[in-house]
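Everything below concerns the one structure shown next.
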Amino acid sequence: MKAAIATRYGGPDSVIVGDAPDPILGPGDLIVRSLAATVDSADARIRAMRMPPGFGVAARLAFGITKPRQPILGTAVCGEVVRVGPRVTRAGIGDRVVAITGMRFGAHAELVRVLPHQPVASPPSGWNAAEAASLVFGGMTALYYVRDLAGVRAGERVLVHGASGAVGTAAVQIARHLGAEVDGVCSGPNVDLVRSLGATRVIDYTHQDPTGDHDRYDVVIDAVGGRTFSHWRGTLRPGGRCALVVAGWGDFLAAVGTKYAERRVLAGVAPEREENLRELMRLA
Ligand SMILES: NC(=O)c1ccc[n+]([C@@H]2O[C@H](COP(=O)([O-])OP(=O)(O)OC[C@H]3O[C@@H](n4cnc5c(N)ncnc54)[C@H](OP(=O)(O)O)[C@@H]3O)[C@@H](O)[C@H]2O)c1
């Protein structure tokens, strides 16, 4: 099969399109012929080995010391099931599915092996393959951060930092769906996009510091990185939660139950749950 292969850690030119062995089918696996796959910020991070502070060594141990151990990147695919293992009951040959390969990657290929624990769902009706695939990475992260980790409730006031990105565009919509009032932060050219997704107020970060408002938000979702809990603390009301999608070690450790003046920091890695993927497709 053809695949996009990351030959070393580096820029986009470290990826070549070449031949790779067809994936081997295990008894609980699906093989999906790709119609569309995404290149997302996780692919870019691993390809360039660009990690949040404190995670460099652990990331090299996990993903490869000198070059990606799994050279075919790609965390999500939409395509047609072409082979199924004898133990598979959740999909059949010919089904159109979206699937998450997640941190095992492998989706930037003509044929993608989906393991038994990796989520699979039907794409939303009326969506083409590219649209369905592009929903997965940001949508799964946002669903976990907004609904599960931050526990956004109706009537709360939420700020989404990075509201024009893959995670942020989904976070704005999911927070609105849960009944929150949402403000978004992005650059000038994306202000109309973020407003069209349901944000009440949109802050252009090139003109205004989003941490300038005091005691305003119940929840901050920071999907950009570079700022810590101490930057956002003042914007939170008492009882407020700051969910850092990109957290360094310090905030990761602080997220284990620490409270500062009744305000909490939350961090983690979005899990790959099939029920969440199904819910995301239903919401779409
Ligand atoms: N913890 C997890 O499980 C998890 C899961 C998924 C992703 N992530 C991480 O989350 C981050 C966001 O991912 P993504 O896929 O949404 O990225 P993305 O699509 O590239 O979006 C980046 C966002 O950041 C904004 N931005 C860029 N520079 C900025 C600045 N200087 N100040 C304020 N905002 C700025 C962009 O706004 P404009 O384009 O309008 O400038 C855009 O809204 C990545 O670092 C990714 O690694 C973590």
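Any value given below was found using the heavy atoms of this structure, including those in side chains, with hydrogens, waters and symmetry copies removed. When a ligand or atom number is given, it counts from 1 through the structure's own listing order. Just so you know, residue 1 is the first one in the sequence shown, and it goes up from there. Everything numeric in this text was worked out from a predicted model, so none of it was measured.
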Judged by atom type as modelled, is there a donor-acceptor pair below 3.5 Å linking the side chain of [X] to the main-chain atoms of [Y]?
X	Y	answer
Asp183	Leu159	no
Thr7	Ser14	yes
Glu274	Val120	yes

Shortest non-hydrogen contact between Ala129 and Leu35, atoms and distance: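 Nearest pair, atom of Ala129 first, then Leu35: CB-CB, 3.6 Å.
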
Looking only at N/O atoms, are [X] and ligand 1 under 3.5 Å apart anywhere?
X	result
Val167	yes
Val245	yes
Ala166	yes

Identify the closest protein heavy atom to [atom]: which residue and atom is it, and at what distance?
atom	value
atom 9 (C) of ligand 1	Val246 CG2, 3.7 Å
atom 45 (O) of ligand 1	Arg45 NH2, 2.8 Å
atom 24 (O) of ligand 1	Val224 CG2, 3.5 Å
atom 3 (O) of ligand 1	Ala270 N, 2.9 Å
atom 7 (C) of ligand 1	Phe137 CZ, 3.4 Å

Exercise check, heavy-atom protein proximity under 4.0 Å to atom 20 (O) of ligand 1: no

Residues [X], [Y]: salt bridge by 4.0 Å N-O rule:
X	Y	result
Arg263	Asp215	yes
Glu156	Arg241	yes
Asp213	Arg201	yes
Asp95	Arg90	no
Arg157	Asp218	no
Arg113	Asp22	no
Glu279	Arg282	yes

Counting heavy atoms only, name the option from [options] that's nearest to [atom].
atom	options	answer
atom 30 (C) of ligand 1	Tyr144, Tyr205, Tyr145	Tyr205
atom 36 (C) of ligand 1	Gly184, Gly225, Gly165, Ser164	Ser164
atom 23 (C) of ligand 1	Ser41, Gly268, Gly162	Gly162

Which of the ligand 1 atoms, numbered from 1, are nearer than 4.0 Å to a heavy atom of Cys186: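 Those qualifying, in numeric order: 40 (O).
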
Asn190: numbered ligand 1 atoms lying under 4.0 Å from its heavy atoms: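 Close to Asn190: 38 (P), 39 (O), 40 (O).
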
Is it true that [X] lies under 4.0 Å from ligand 1, counting heavy atoms only?
X	result
Asp40	no
His161	yes
Ala223	yes

